[in-house]
Chemist: 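Quick one: this structure, given as structure tokens, is what I'll be asking you about.
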Amino acid sequence: MKPVVIPESYNYIGVFLTFACNLKCSYCINRFDTFIPKGHLTGEQWVESLNRIVSRDDLPVTIQGGEPSLHPDFYYIINHIKKELHIDILTNLQFDVDTFIRQVDPARIKRKAPYASIRVSYHPDQMDTKEMVRKVLKLQDAGFSIGIWGVLHPLQKETVLKIQEECKKAGIDFRTKEFLGFFGKELYGTYKYPGAFDQEHLKKCRCRTTELLIGPDGNIYRCHSDVYSGRKPIGSINAPEYQLQDIYRDCDYFGLCNPCDIKIKTNRFQQFGHTSVDIKL
Ligand code: SF4
Ligand code: SF4
């Protein structure tokens with residue numbers, strides 16, 4: 001397979017191992033219920049595909065989902081990704097931590113970064129908070145770089161902030177993320193492109209991304225909206241000739257963008273003001 005060199009302007013490599021999840025959050029920040037991809041790459045296919053990526057020291061491949069540990073070859077994939085690629089994991093931590101500790105070398109999921117490499121998403125309405133804290137402390141004691149992220153959903157904000165305080169006292173890195181999108185009639189989040197997800201007035205535009213997003217079947221998408229809607233992919237990480245093109249692409253779906261792509265946020269250096277896509281209307 002030809003190497004896939006990540007452009008300097010890229011800020012994220014998202015590897016959606018599976019869209020399956022063992023929780024049913026009342027709001028799911030991954031809005032994938034409208035699209036179920038056909039097929040999943042096997043562990044061997046993932047390893048072969050991901051190992052062609054040439055990235056930078058400060059740009060890991062982020063293994064995510066759904067819940068990535070539900071991929072049957074989760075540990076094989078983590079343990080066979082080439083050492084030159086750093087690995088981050090986004091998880092709801094519903095896996096068995098003793099198995100994780102037995103199977104994974106903490107040094108493999110660790111790098112110099114201003115945030116943890118294993119990032120646990122906290123969903124108070126679905127998770128046993130005490131159990132989550134126990135598991136995080138166990139992984140932390142075993143040497144893993146791990147932290148918790150809680151979304152400040154209007155209905156859960158108080159709980160998240162309370163648990164954040166408790167976690168901080170216990171020595172756990174617990175950070176919060178703003179809730180994105182509409183709750184009732186109120187729009188939450190800070191966005192660069194007004195109307196990008198009003199879902200009513202679709203416009204044509206040109207759009208350039210700073211993220212390599214790979215779906216469970218290996219297909220590569222322009223943005224999160226495309227991933228979750230199952231729109232036509234722009235390539236496949238599993239196609240031997242695939243080469244990444246850092247270009248503006250035509251899009252007919254401005255108005256159906258995903259808040260994740262157009263919110264103003266911090267980049268990988270934790271500098272504020274970044275958006276994942278650049279749109280020309
Ligand atoms: S844990 Fe994440 S992916 Fe799973 S249902 Fe909750 S928000 Fe969705
Ligand atoms: S305009 Fe919106 S939907 Fe179209 S590619 Fe860009 S982020 Fe995705």
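The structure presented is a predicted model; accordingly, all values stated were derived computationally and were not measured. We count ligands from 1, going down the list as the structure has it; atoms in each ligand are counted the same way.
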Chemist: Taking D128 first and then K130, would you say they form a salt bridge - that is, a charged N and a carboxylate O separated by under 4.0 Å?
Modeler: no

Chemist: For residues 104-112, run the donor-acceptor check on the side chains, cut-off 3.5 Å, and write out each pair with its distance to 0.1 Å, sequence neighbours left out.
Modeler:
from: D105; atom 1: OD1; to: A107; atom 2: N; distance (Å): 3.0
from: R108; atom 1: NH1; to: L85; atom 2: O; distance (Å): 3.2
from: R108; atom 1: NH2; to: I81; atom 2: O; distance (Å): 3.2
from: R108; atom 1: NH2; to: K82; atom 2: O; distance (Å): 2.7
from: R108; atom 1: NH2; to: L85; atom 2: O; distance (Å): 2.9
from: K110; atom 1: NZ; to: G143; atom 2: O; distance (Å): 2.7
from: R111; atom 1: NE; to: D88; atom 2: OD1; distance (Å): 3.1
from: R111; atom 1: NH2; to: D88; atom 2: OD2; distance (Å): 2.9
from: R111; atom 1: NH2; to: Y115; atom 2: OH; distance (Å): 3.3

Chemist: Could you see which bit of Q126 sits under 4.0 Å from ligand 1, with heavy atoms only: side chain, backbone, both or neither?
Modeler: neither

Chemist: Sort and list the pairs that fulfil side-chain hydrogen bond (donor to acceptor under 3.5 Å, both in side chains) and have at least one residue in residues 43-54, not counting sequence neighbours.
Modeler: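 Every pair satisfying side-chain hydrogen bond (donor to acceptor under 3.5 Å, both in side chains) with a residue in residues 43-54: T42-Q45, S49-N238.
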
Chemist: Taking it one step at a time, do Y221 and Y228 satisfy ring-ring contact (aromatic ring centres under 6.0 Å, His included)?
Modeler: CA-CA 10 Å; Y221 296 89; Y228 300 140; 9.4 Å; no

Chemist: Find all atoms of ligand 1 within a distance of less than 4.0 Å from any non-hydrogen atom belonging to C21, and give their numbers and elements.
Modeler: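 Ligand 1 atoms under the 4.0 Å threshold to C21: 1 (S), 3 (S), 4 (Fe), 5 (S).
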
Chemist: Between D246 and R208, is there a side-chain N and carboxylate O pair less than 4.0 Å apart?
Modeler: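 Salt bridge: yes.
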
Chemist: Should you measure from each heavy atom of L23, which atoms of ligand 1 turn up under 4.0 Å away?
Modeler: 1 (S), 5 (S)

Chemist: So which bit of C25 gets within less than 4.0 Å of ligand 1, heavy atoms only: side chain, backbone, both or neither?
Modeler: both

Chemist: Work out whether the distance between some heavy atom of H123 and some atom of ligand 1 is less than 4.0 Å.
Modeler: yes

Chemist: Any ring-ring contact (aromatic ring centres under 6.0 Å, His included) pairs touching residues 132-156, not counting sequence neighbours?
Modeler: Y27-H153, F100-F144, H153-F179, H153-F183

Chemist: Counting no waters, how many protein N/O/S atoms sit under 2.8 Å from atom 2 (Fe) of ligand 2?
Modeler: 1

Chemist: Give me the ring orientation class for F74 and F95: parallel if the planes are under 30° apart, tilted from 30 to 60°, perpendicular past 60°.
Modeler: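 Geometry flag for F95 against F74: tilted rings.
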
Chemist: Can you confirm if the NZ or CZ of K280 lies within 45° of the ring axis of Y248 and under 6.0 Å from the centre of its six-membered ring?
Modeler: yes

